[in-house]
2 protein chains.
Amino acid sequence: MTAQGADVPEGDGQATARTAASPRTPDANVADANGAAIEVPAARERARSIPEAAVARLAVYLRALSSLAEQGITTVSSEELATAAGVNSAKLRKDLSYIGSYGTRGVGYEVEVLIGQIERTLGLTRKHSVAVVGIGNLGHALANYGGFPSRGFPVSALFDLDDDLVGVPVGGIPVSHIDDIVEVCFEREVTIGVIATPAQGAQEVCDRLVAGGVTCILNFAPIVLQVPEHVEVRKVDLAVEMQILSFHVARRQQETANAVDGAASSDGGPPGGGAGLPGEIDSANRMVERL
Amino acid sequence: MTAQGADVPEGDGQATARTAASPRTPDANVADANGAAIEVPAARERARSIPEAAVARLAVYLRALSSLAEQGITTVSSEELATAAGVNSAKLRKDLSYIGSYGTRGVGYEVEVLIGQIERTLGLTRKHSVAVVGIGNLGHALANYGGFPSRGFPVSALFDLDDDLVGVPVGGIPVSHIDDIVEVCFEREVTIGVIATPAQGAQEVCDRLVAGGVTCILNFAPIVLQVPEHVEVRKVDLAVEMQILSFHVARRQQETANAVDGAASSDGGPPGGGAGLPGEIDSANRMVERL
DNA sequence: TAGTGTGAATATTTTCACAGCA
DNA sequence: TGCTGTGAAAATATTCACACTA
C-alpha cells in the first residue's frame with residue numbers, strides 16, 4: 001500500500017462514502033452521522049466505507065476498463081476484467097459491490113457504465129490541479145510528461161529553489177520560486193502537491209503546500225512527512241521498492257538453498273558480528289534523494 | 001484519519017502487483033518435515049514468515065535508523081524509532097520481533113545492530129545489479145540519479161528502442177538496444193529490471209528481462225505484467241496514486257457536505273445513463289505512459 | 001524503572017460458495 | 001444457463017496490555 005494506505009493508529013475518521021449498500025434504503029446510515037460526528041475521538045463509528053485496499057484496486061480496474069473500451073468491447077464478465085486487472089474475480093466482484101450493483105446477472109458489466117461509476121467514486125469527475133515542487137530529474141519528468149493528463153490532473157504550477165530555473169518554462173509552465181508556494185497554490189487552486197525534492201527541504205515544502213491549501217500530497221522524498229489531520233499523504237519510495245524486491249530475492253535464494261543442501265549450511269546470516277554493511281545501505285537510503 | 005501514515009500500505013494498498021501470484025500457499029512454512037531446518041531456522045524460517053506489510057516497513061525503519069546513525073545516535077527506543085518512521089510503537093516492535101530479538105529491555109535498540117539485522121533480512125548485504133529499460137524522461141531520471149545508490153543497487157545496464165539513443169552514455173552508462181536485453185542482462189548479472197517504457201512495449205520488455213535471468217521487476221508502465229511464478233513484480237503507478245488521492249478529496253467533500261445538508265440525498269450515481277466523463281479519465285489512465 | 005517481546009483480542013481483507021436473477 | 005452480489009468463513013494485519021528483565 002504502495003504503498004500507501006493509511007495506517008491510522010487510533011484516531012481514525014469517520015469515512016462516509018455511501019456504499020449504496022442495499023439497493024433500497026436511501027438514508028439508513030444518515031442516522032449515525034448524528035452521534036458519530038460529535039462523539040469526539042473515540043467515535044470509531046466507521047460507517048461502511050470502501051476499504052483502502054479496494055480503492056487502490058478500483059483505479060486499476062478503471063485502467064483495464066478504459067483499455068477494453070478502446071478496443072470497442074462493451075461488456076465484460078468479472079472473470080475477464082479480473083484477469084485484465086491481475087486479481088481474482090471474487091475480489092473484483094466484492095470491490096465493485098462496494099460502489100453499487102451495476103452488473104447484469106448472467107451477463108456481466110457494461111464497460112461504459114462501470115467506468116462512469118468508478119470515476120464518480122474516485123472523484124474523477126472533477127479536475128485536480130497539481131503542483132510539482134522540485135524540478136530536478138524527476139520533477140522534469142513529471143512536468144514534461146505531456147502536460148500531464150491533459151485532463152483530470154492538470155499540472156498548474158511548478159516550483160524550485162534554483163533561481164536559474166525560476167521563470168523557465170518546463171513542460172509549458174514557468175517555474176515559480178519555492179517562496180511563492182502558498183500564494184501560487186491558492187491562486188491556482190492547487191489540490192494535489194507532488195514533492196520531488198531532496199529529503200532536506202521536503203518538510204518545509206510540505207508545510208508551505210499545506211499552508212497554500214493543498215490537502216493531498218504525493219511524496220517522492222525519502223522522509224516521513226508531518227502533516228495536519230486533514231491532509232492526505234501518499235509516498236512513493238523507490239528505495240523501499242528496491243529493498244522489498246531485494247528481500248524477495250534473498251528469500252528465494254534461501255528457499256533454494258534450504259531445499260538443496262539441507263545440511264551443511266553454516267547458519268543464517270552473513271558472517272561477522274552483526275553490523276552487516278551499514279555503509280552499503282546508507283547509500284541505498286539516499287538513493288532517491290536526488291531523483 | 002491519519003494523514004501521514006500514507007506510506008507503508010497495509011497488505012497491498014499501494015503498489016504491489018503480484019501478477020502471477022498464486023493465491024495458493026499450501027502449507028508455507030511448517031518447516032520441511034525433513035530435518036535440515038531445525039537448527040538454523042532462526043533466520044530462514046523467520047524470513048519466509050515475515051508479513052509483506054512488515055517487510056515494506058522494515059525498509060522504512062532502516063532509513064530512519066540510518067538517519068539516526070548519521071546524527072551519531074547509538075540507541076533508540078521503539079517509541080522514538082516509531083515516531084521517526086511514522087508508525088506506532090506497538091507495530092514497530094511487532095515488526096522487529098519478526099526478525100529476532102535485538103533490543104534491550106528497559107533500554108531500547110542499538111542502532112547499528114538493528115541496521116545490520118534489517119539489512120541482512122532484506123538481503124542488502126549483497127549487490128543487486130539493476131537494468132533500466134526505457135530511457136525517456138523517467139528513465140533518464142533513474143539513470144542519472146547519481147549512479148544510483150553507489151552501492152547496493154548499481155545500475156549496470158540501460159536499454160532503449162531509439163537508435164539515436166543507443167550508445168549514448170546516460171549517467172555514465174551507454175544505452176544498449178532493447179534487442180540485446182537478454183544477452184546483456186546475463187552478461188552483467190542483472191537481478192532487478194526497471195521498466196520505464198510506455199505501456200505498449202512493457203510486456204515484451206518484461207519477457208526479455210525474464211529471459212535474461214531477471215527475477216525482480218519494478219514496473220512503472222501502466223499495465224499488469226504477466227510473469228512466471230518465480231518472478232516478483234512491484235508496480236509504481238502514478239495514475240493510481242493520484243486517483244487514490246482524488247478519492248480522498250472526494251470523500252472529504254462528501255463528509256462535509258453530508259454534515260451540512262444531511263437531507264436531499266439524491267441517491268448514488270449521476271443522472272443519465274451513467275457514463276460519467278469517460279473521456280476525462282481516459283487521459284488520466286494514459287498519464288504515466290510516457291513518464 | 002523504563003521499555004522490550006509477545007500472546008491474545010481486534011480489525012481488516014480475502015476467499016468461499018451459493019442464492020437469485022436476467 | 002451463466003454470472004453477479006454477498007453473507008459468512010478464513011486468513012492477515014494491527015493493537016492491546018502486560019509479564020519480564022536489563
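Order of the sequence lines fixes the chain letters, A, B, ..., with proteins taken first and strands second; residue numbering starts at 1 for each chain.
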Within this structure, what is the CG-to-P distance between A:Leu92 and D:dT4, rounded to whole angstrom?
9 Å

Just by distance, do the side chain of B:Ser66 and the backbone of B:Leu62 share a donor-acceptor pair under 3.5 Å?
yes

Once you round it to whole Å, what is the distance between P of D:dT15 and OH of B:Tyr98?
12 Å

I'd like a table of atom pairs between the protein and nucleotides 18-22 of chain C - only N or O on both sides, under 3.5 Å - with the distance next to each one.
{"from": "C:dG20", "atom 1": "N3", "to": "A:Arg105", "atom 2": "NH1", "distance (Å)": "3.3"}
{"from": "C:dA22", "atom 1": "O4'", "to": "A:Arg105", "atom 2": "O", "distance (Å)": "3.4"}

Would a 4.5 Å heavy-atom cut-off, applied to side chains only, mark A:Phe247 and B:Thr121 as touching?
yes

Quickly work out the B:Leu81 CG to C:dT4 P distance and round it to whole Å.
10 Å

B:Ser97 has its side chain closest, among C:dT6, D:dT14, C:dT14, to C:dT6

Please check if the side chain of B:Arg252 supplies one atom and the backbone of A:His230 the other of a donor-acceptor pair under 3.5 Å.
yes

Between B:Asn88 (CG) and D:dT14 (P), how many Å, whole number?
10 Å

If I take atom CG in residue B:Asp95 and atom P in nucleotide D:dC16, what distance separates them, rounded to the nearest angstrom?
15 Å

Let me know, please, whether A:Ala54 or B:Ala90 comes out on the 5' side of the other along DNA chain C by nearest nucleotide.
B:Ala90

By nearest atom, which of the nucleotides D:dG5, D:dG7, C:dG5 is closest to the B:Tyr109 side chain?
C:dG5

In whole angstroms, how far is the C1' atom of D:dG5 from the CD atom of A:Glu79?
15 Å

Main-chain N/O of B:Ile223 paired with B:Asn219 side-chain donor or acceptor, under 3.5 Å:
yes

For B:Glu52 and C:dT13, give me the distance from atom CD to atom P, rounded to whole Å.
16 Å

B:Lys91 atom NZ is separated from C:dG3 atom P, nearest whole Å, by 21 Å

Verify, without hydrogens or angle tests, whether B:Glu112 (side chain) and B:Thr74 (backbone) share a donor-acceptor contact under 3.5 angstrom.
no

Check: B:Val107 main-chain N/O paired with B:Thr104 side-chain donor or acceptor under 3.5 Å:
no

Donor-acceptor pair, B:Gln243 side chain versus A:Leu122 backbone, under 3.5 Å?
no

